Amino acid sequence: MRLSTSLGAVGIAATLVLTGCAGANTDSTPAESGAALTIAKPDGAITTESHNPYLGDSSASKYGYAKVIFEPLALVNPTGDLGTTPWLAESVEWNDDYTELTVVPRSGVKWSDGTEFTGDDIVFTFDQFLTGRLADTSGLKYEGATVDGDAITLKFADSKYIAQSRVLHTPIVPKHIWEEIDDPNTDPLTGEGLAVGTGPYVLDTWSTESVTLTANEDYWGGDLAVPELHYVSYGDNAALTTALVSGEADWAQAFIPQIEESYLAADEDNHFLASPTAGAGTLFMNLQTEPFDDPALRQALAWTIDRQAYVDIAREGASTAIWSATGLSGLLEDEILPEYQGEEYEVDVDRAKGILEDAGYTWKDEKLIDPDGDAVSFSISVPAGWSDWNTEQALIAEELDAALGIEVKVDQPDWGGWDAARQEGTFQAIIHWLEDTGNAYGLYTSTMDPKWIVDDRAQFNFGRFDDPAVTEALNTYANASSDADREAALAVMQAAFVENVPAIPLGSHPLLGEYNTRNYVGFPTEDDQYASADPTQPGIVQILAKLQPAD
């Protein structure tokens, strides 16, 4: 079974070497030599200039161009093999309980201002969290570093097994510049010579309409095929789709309805890749209220809801169905314990009805009646405008009415009302995403962990499941120093999920990418998901380093 996701077997600290994946070539129109790539988002104009990679509302973060200026120690692939590729570190190695990370800085790397990159920059970057210069918004709980020759060991207050990417994706910044910044929590880095990184591109011009970056001529990763990047933000998905179809934009991350007709059919060089992750679009049920306080009803729903319809109709193919009774997606099949291998749901209405009959349910006038004599009905809530999940609401309502005689009311409030209800527990059912930790913990903490309930407000575990044995197992899984301990904890969590059905995962929550190969090839493909094709993810530097001119 695979208990680790990105760094090899649990308890076996393995030094990782830099790996690469070749991109496939495709037929294309004659390539434009030295063409720029335009990377697009549908978020409208960003009015405030800020190049600070640690600020979530900075233009660098919102547009995504921070990822090609400031690089991390390693890249954790959220899809494909879920593996890790060392990046600014030549090697990364965790100790047995994942409280210490030992890295060796990559040699021959320079900051874009020509200064040599050293291990001092790594220690300085993390020490900012220790001293409070930078807010620890990722919850790293960093405790300091030790240096032994070229090796640097970063120490943390608790296990980072379930948060490896948070550590490894921390943007590394230059000590010689950042030690002069008064408050890195607020500084926009708009002064001359402040937006300095090790990345493949350097900032050239900025405006509220677009940002231009040019290739870093001294990039440690070698020559770059793409000389220039343009980051452009359009008003909405419709405008973005128009730009992609016309060739005005080359690369984007967006959910495009009817993507075959509206985008792919427009040009044979247009491509779309939906990369599954360990997260999932999930039906959360309020376990504290009727009708979901009865596990028999939840089990019946699990045997009735059509996950393939979710994939094919609601997500238009941009997902993979999750049928395992454990709730785990195909990416995590190695974490499905032997006793649950092959134990999968399907659409089996007769079985669902049998479960309900055994629990005392009946039918009257084709409507499901609970053991107290009341007709079973509930509402399912998703914000208006979330078109894929709005479609799934309608599908579930149709499926449950036709199969079981359950009335499902479709509720589509504004985001604020929906957010308040999910936190306060005043909903009956919602569709929501999971915390994606790259392993089984993400699903089980999201659906069964009371740690998410603070001051009676939920950030996950919206159904408010609470079992002390499961809570203990979740904590053990997160902090264990041996494969055996983690497997024992997983057995408790998995059994509880199968028995109680606290939530129903529908399909993998994918990372989306639209791109064209008119001028460049080497993007991730269905057969070679060395990274996701989402240009807002850290793996964009890996993709840009691999792109080559099209024939």
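All of these numbers come straight from a predicted model, not from anything done at the bench.
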Has Ser61 got a side-chain atom pairing as donor or acceptor with Asp57's backbone, closer than 3.5 angstrom?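 No; zero donor-acceptor contacts below 3.5 Å.
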Where the side chain of Ser138 meets the backbone of Leu140, is there a donor-acceptor pair that is under 3.5 Å apart?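 Such a contact is absent between Ser138 side chain and Leu140 backbone.
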Ring pair (Phe, Tyr, Trp, His ring centres under 6.0 Å) between Phe523 and His271: does it pass, once the steps are laid out? CA-CA 10 Å; Phe523 291 93; His271 300 274; 8.3 Å; no
Show me the pairs that pass salt bridge (charged side-chain N to carboxylate O under 4.0 Å, His left out) and involve residues 428-440, at least two apart or across chains.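 Applying salt bridge (charged side-chain N to carboxylate O under 4.0 Å, His left out) to every pair that reaches into residues 428-440, excluding sequence neighbours, yields Arg166-Glu435.
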Which residue pairs pass the salt bridge (charged side-chain N to carboxylate O under 4.0 Å, His left out) test when at least one of the two sits in residues 385-394, sequence neighbours left out?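 Only Arg315-Asp388 qualify under salt bridge (charged side-chain N to carboxylate O under 4.0 Å, His left out).
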Judged by modelled atom types alone, do Gln393 and Asn390 share a side-chain donor-acceptor pair under 3.5 Å?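 Note: Gln393 and Asn390 side chains meet the donor-acceptor criterion.
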Let me have the donor-acceptor pairs involving side chains of residues 291-305, under 3.5 Å, with sequence neighbours excluded, atom names and distances please.
unit_1	atom_1	unit_2	atom_2	d
Asp294	OD1	Ala296	N	3.0
Asp294	OD2	Tyr361	OH	2.6
Arg298	NE	Asn500	O	3.0
Arg298	NE	Val501	O	3.1
Arg298	NH1	Phe292	O	2.5
Arg298	NH2	Asn500	O	2.8
Gln299	NE2	Glu499	O	3.1
Thr304	OG1	Ala300	O	2.8

Check against side-chain contact (heavy atoms from CB on, under 4.5 Å), Phe156 and Asp97: CA-CA 11 Å; Phe156 303 90; Asp97 65 1; over 6 Å; no
Residues that Phe126 engages under ring-ring contact (aromatic ring centres under 6.0 Å, His included), provided they are two or more places apart: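 Result, ring-ring contact (aromatic ring centres under 6.0 Å, His included) vs Phe126: Tyr142.
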Among residues two or more places apart or on two chains, list those pairs meeting side-chain hydrogen bond (donor to acceptor under 3.5 Å, both in side chains) that have a residue in residues 377-387.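 Listed by first then second residue: Ser379-Gln428, Ser381-Asp411.
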Applying side-chain hydrogen bond (donor to acceptor under 3.5 Å, both in side chains) as the test, list every pair that has at least one member in residues 339-358; sequence neighbours left out.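 For residues 339-358, and leaving out neighbouring residues, there are no side-chain hydrogen bond (donor to acceptor under 3.5 Å, both in side chains) pairs at all.
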Which atoms form the tightest heavy-atom contact between Thr447 and Ala503, and what is the distance?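 Between these two residues, the closest heavy atoms are CG2-CB, 3.7 Å.
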Aromatic ring pairing His509/Trp389, orientation class (parallel under 30°, perpendicular over 60°, tilted between):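 Geometry flag for Trp389 against His509: tilted rings.
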